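Have a look at the structure below before the remarks.
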Amino acid sequence: GAVVSQHPSRVICKSGTSVKIECRSLDFQATTMFWYRQFPKQSLMLMATSNEGSKATYEQGVEKDKFLINHASLTLSTLTVTSAHPEDSSFYICSARDPRGGWEQFFGPGTRLTVL
Amino acid sequence: GQNIDQPTEMTATEGAIVQINCTYQTSGFNGLFWYQQHAGEAPTFLSYNVLDGLEEKGRFSSFLSRSKGYSYLLLKELQMKDSASYLCAVRDTTNAGKSTFGDGTTLTVKP
């Protein structure tokens with residue numbers, strides 16, 4: 001199947017700093033990528049849909065000024081958690097659909113963010 | 001909106017068969033996925049149903065009834081490595097095809 005990578009896999013930062021997470025589709029072009037957040041023992045919560053060349057579509061309750069999404073190319077989307085606080089500590093996962101295939105999503109390996 | 005229900009936890013014995021149910025109520029439906037997620041890892045795709053009926057893929061099968069808003073994932077010949085969380089997800093009717101995920105069912109396979 002298609003491959004999606006994320007970087008970094010783990011990050012620890014101080015409260016008030018900003019953290020950037022990259023999501024790349026390695027062997028296909030993705031006009032749309034999705035960003036999820038997952039708390040321990042909970043399911044995936046969709047945060048936003050990242051659209052190449054246009055603004056991201058945020059889900060209700062997700063602050064667009066806090067979670068900045070940039071989808072500058074067909075293979076790269078970035079999520080920046082601005083002014084991070086301990087409550088932002090979570091597992092962040094991106095996914096993309098390979099337009100050459102079916103509708104299933106291919107997930108990156110996730111980024112574990114810990115805010116001290 | 002979307003409302004998806006799955007049992008929280010299930011336990012089964014190695015070599016047995018287990019059925020994980022998923023019911024959904026959605027404003028728009030364009031297919032249902034099952035994903036497997038091991039602890040600390042990203043989900044991996046298992047199956048996709050858009051029409052009624054049973055889709056079989058090796059030890060895993062998935063069933064869909066759109067009129068009942070119901071799906072199940074059937075796992076046969078259970079192995080210890082099948083211990084994981086199983087996520088039911090419904091694809092909506094937007095062009096982006098975003099999915100809403102259920103809370104997942106944690107399956108524990110015992111010897």
Side-chain angles (χ1 to χ4, degrees), chain A residues 1-7 9-10 21 23 30-52 54-62 69 71 77 90-99 101-114, chain B residues 1-9 20 22 24 26-51 55 57 60 62 64 73 83-108:
Chain A
V3 180
V4 176
S5 71
Q6 264 183 260
H7 178 80
S9 58
R10 289 180 179 273
I21 303 170
C23 178
T31 55
T32 301
M33 292 183 175
F34 302 98
W35 285 97
Y36 296 86
R37 181 165 54 182
Q38 186 175 36
F39 292 106
K41 298 190 177 181
Q42 296 186 22
S43 189
L44 299 169
M45 186 192 80
L46 179 65
M47 298 176 67
T49 302
S50 173
N51 305 298
E52 189 270 335
S54 65
K55 293 182 179 179
T57 304
Y58 289 83
E59 295 299 301
Q60 193 172 7
V62 178
I69 292 173
H71 195 149
S77 175
S90 188
F91 192 48
Y92 292 86
I93 311 177
C94 70
S95 73
R97 184 181 74 86
D98 186 345
W103 283 99
E104 68 269 27
Q105 295 180 28
F106 294 94
F107 288 84
T111 298
R112 176 75 58 191
L113 171 63
T114 303
Chain B
Q2 318 274 44
N3 186 35
I4 301 172
D5 290 311
Q6 308 178 231
T8 304
E9 295 180 333
I20 303 174
C22 171
Y24 62 90
T26 62
S27 55
F29 178 84
N30 219 356
L32 186 144
F33 300 92
W34 284 96
Y35 290 88
Q36 179 191 61
Q37 185 179 25
H38 286 99
E41 299 180 11
T44 55
F45 169 75
L46 291 178
S47 68
Y48 176 55
N49 294 68
V50 64
L51 300 177
E55 296 275 346
K57 191 185 296 184
F60 293 10
S62 57
L64 175 68
L73 179 69
S83 292
S85 182
Y86 291 86
L87 308 174
C88 171
V90 172
R91 181 166 83 94
D92 71 11
T93 53
T94 63
N95 287 334
K98 68 180 183 180
S99 295
T100 301
F101 284 77
D103 289 341
T105 299
T106 300
L107 173 66
T108 302

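This is a predicted model, so every value here is computed, not measured. Below, each value reflects all heavy atoms present in this structure, side chains not excepted, and no hydrogens, waters or symmetry copies. Below, chains carry the letters A, B, ... as their sequence lines are ordered, and counting in each starts from 1.
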Taking every heavy atom of A:H71 against every heavy atom of A:S50, the minimum-distance pair comes out as ND1-OG, 2.7 Å
Return a table of donor-acceptor pairs under 3.5 angstrom between the side chains of residues 42-51 of chain B and protein atoms on other chains or two or more places apart.
unit_1	atom_1	unit_2	atom_2	d
B:T44	OG1	B:Q36	O	3.3
B:S47	OG	B:S62	OG	3.2
B:Y48	OH	B:N30	O	2.8
B:Y48	OH	B:R91	NE	3.2
B:Y48	OH	B:R91	NH2	3.3
B:N49	OD1	B:S62	OG	2.6
B:N49	ND2	B:S62	O	3.2

When the 4.5 angstrom heavy-atom criterion is applied to B:S99 and chain A, the contacting part is both
Residue from A:R112, A:Q38, A:Q6 scoring the most non-hydrogen pairs under 4.5 Å with chain B is A:Q38
The interface call for A:I93 against chain B, heavy-atom contacts under 4.5 Å, is side chain
Are the side chains of A:T32 and A:T49 in touch, meaning some heavy atoms are under 4.5 Å apart?
yes
Practice task
Look at the aromatic rings of B:Y35 and A:F107 and report parallel, tilted or perpendicular, splitting at 30° and 60°.
Solution key: perpendicular
